[in-house]
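Here is the structure we will look at, set down as structure tokens.
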Amino acid sequence: MNITAASKGTQPKPIVEKETLLDIRNLKTYYPVKGGFLKRTIGHVKAVDDISFEIKKGETLGLVGESGCGKSTTGRTILRLLKPTDGQILFEGKDITAISGTELRRARQDFQMVFQDPYASLNPTQSVGDIISEPIRNYKKISKKELKSEVLDLLSRVGLPAEAYDKYGHEFSGGQRQRIGIARALALKPKLIIADEPVSALDVSVQSQVLNLLKELQDEFDLTYLFIAHDLSVVKHMSDRIGVMYLGNMVEIATNDSLYEEPLHPYTQALISAIPEADPKKRKKRIILEGDVPSPQNPPSGCPFHTRCPMAKEECSQIKPALKEVKPGHHVACILY
Ligand code: SF4
């Protein structure tokens, strides 16, 4: 997709050491696999397999990787839409891994999600006003007049006219529906938004408008984003730092510049080599990976990438490299470093 550098909000933000908002420690999310006559658990799909990372307040961390790498499961586990198998989720220093009931309901005001499919994520029987009002009504005691005024304010912040209030989702284009979804996510003034492929279902012509809106709202509402996408040019445009996932594992995390200028993990190098580059001088040789991504139900021993890695050595099938910092702020999980 073509994202113009002149678009509003594309200037890199200065890196200032900020407080940690989200601290993920050794997170695992496994899905049980049932089999046999008695439908017993006969194995597990290791969708997220022991990942750790932090997100600072006001930062955007991009998560990339091929489909099935565990990035969406990571987002849903952090939101506690899925039960973590192990590990810890700390939000503003508070452990929310195992909270439930009223405590979880209260915590959920602070983290919201923007979904991939703006067509499926809006209830077709509710008006736009009702869709955006719902979370506010669920959490706040507020008069009808105040509620309507809050919703109209949100509509205007996401670039929709006041007339949208009484209309229904099907009356809008994909980009407008995603704006409605964003207004709903903002309704409770959350601190963290997990955006899961928020533009991948949209026409290329409107993708950059929605991305730029998300950037503007980040400054306006003091938001922190976990931005999940498979499109590396979209993630580059949006993120301060980027985490690369492969087969449920985090294989590299670095600042945007460091990752794109000097990718260290062979998997990241292959992903980046596939990004189209308009400037012929900057074009890199495309690295084609052989074979398919192995099943997360039966992941390879040692380095999860060794079955496809062009640099694999004999020991790679036995040693699982830990993510380690090899340059300031640049972490990689590979025995070559
Ligand atoms: Fe490749 Fe070995 Fe590094 Fe894994 S540990 S990425 S197989 S070189």
Side-chain angles (χ1 to χ4, degrees), residues 24-30 43-54 61-75 85-87 226-233 235-236 239 241-277 283-337:
I24 301 301
R25 298 183 184 171
N26 307 103
L27 188 69
K28 294 182 184 175
T29 308
Y30 294 176
H44 287 94
V45 171
K46 296 178 176 178
V48 176
D49 196 13
D50 197 355
I51 64 168
S52 300
F53 61 89
E54 285 184 358
L61 179 78
L63 263 194
V64 289
E66 289 161 292
S67 149
C69 69
K71 54 193 191 304
S72 291
T73 303
T74 301
T85 307
D86 203 359
L226 177 62
F227 190 90
I228 299 166
H230 68 279
D231 183 331
L232 277 117
S233 53
V235 173
K236 184 172 192 243
S239 311
R241 286 187 306 130
I242 296 165
V244 182
M245 288 189 71
Y246 182 80
L247 209 59
N249 296 265
M250 190 71 80
V251 297
E252 188 162 2
I253 305 186
T255 61
N256 187 331
D257 289 346
S258 192
L259 192 92
Y260 282 86
E261 275 161 28
E262 201 188 343
L264 299 178
H265 196 281
Y267 178 61
T268 316
Q269 289 168 356
L271 288 182
I272 288 181
S273 78
I275 302 174
E277 177 56 71
R283 267 182 216 150
K284 298 181 193 80
K285 189 171 177 287
R286 174 102 195 251
I287 302 166
I288 310 281
L289 294 176
E290 304 286 334
D292 295 325
V293 182
S295 163
Q297 191 182 336
N298 191 18
S301 60
C303 171
F305 188 53
H306 84 83
T307 55
R308 300 172 78 202
C309 180
M311 326 268 280
K313 303 191 177 307
E314 213 179 314
E315 61 267 39
C316 295
S317 61
Q318 283 126 44
I319 303 163
K320 184 170 181 179
L323 195 69
K324 67 174 180 195
E325 191 168 19
V326 294
K327 289 197 296 175
H330 198 140
H331 300 73
V332 64
C334 174
I335 60 154
L336 300 177
Y337 302 95

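We count ligands from 1, going down the list as the structure has it; atoms in each ligand are counted the same way. All residue numbers in this chain count up from 1 along the given sequence.
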### Message
Taking Val48's backbone N and O only, do any of them form a donor-acceptor pair with Thr29's side chain (distance below 3.5 Å, no angle check)?
### Response
no
### Query
Which of the atoms of ligand 1 are close to Pro321, meaning less than 4.0 Å from one of its heavy atoms?
5 (S)
Pairs under 3.5 angstrom only: tabulate donor-acceptor contacts from the side chains of residues 325-337 to other protein residues two or more places apart or in another chain.
from: Glu325; atom 1: OE2; to: Gly329; atom 2: N; distance (Å): 2.6
from: Lys327; atom 1: NZ; to: Glu262; atom 2: OE1; distance (Å): 2.7
from: His330; atom 1: ND1; to: Ser258; atom 2: OG; distance (Å): 2.7
from: His330; atom 1: NE2; to: Glu252; atom 2: OE2; distance (Å): 2.5
from: Tyr337; atom 1: OH; to: Leu264; atom 2: O; distance (Å): 2.6

### Phe227: ring-ring contact (aromatic ring centres under 6.0 Å, His included) partners, not counting sequence neighbours
none
### Query
Among pairs that include at least one residue of residues 304-320, which meet salt bridge (charged side-chain N to carboxylate O under 4.0 Å, His left out), considering only residues two or more places apart or in two chains?
Asp49-Lys320, Glu66-Arg308
### Query
Do the rings of His265 and Phe305 sit parallel, tilted or perpendicular, given the 30° and 60° boundaries?
tilted
### Task
Tell me the protein N, O or S atoms under 2.8 Å from atom 1 (Fe) of ligand 1, in chain and number order.
Cys309 SG
### Task
Check for a donor-acceptor pair, side chain of Gln297 on one end and backbone N or O of His44 on the other, with a separation under 3.5 Å.
no
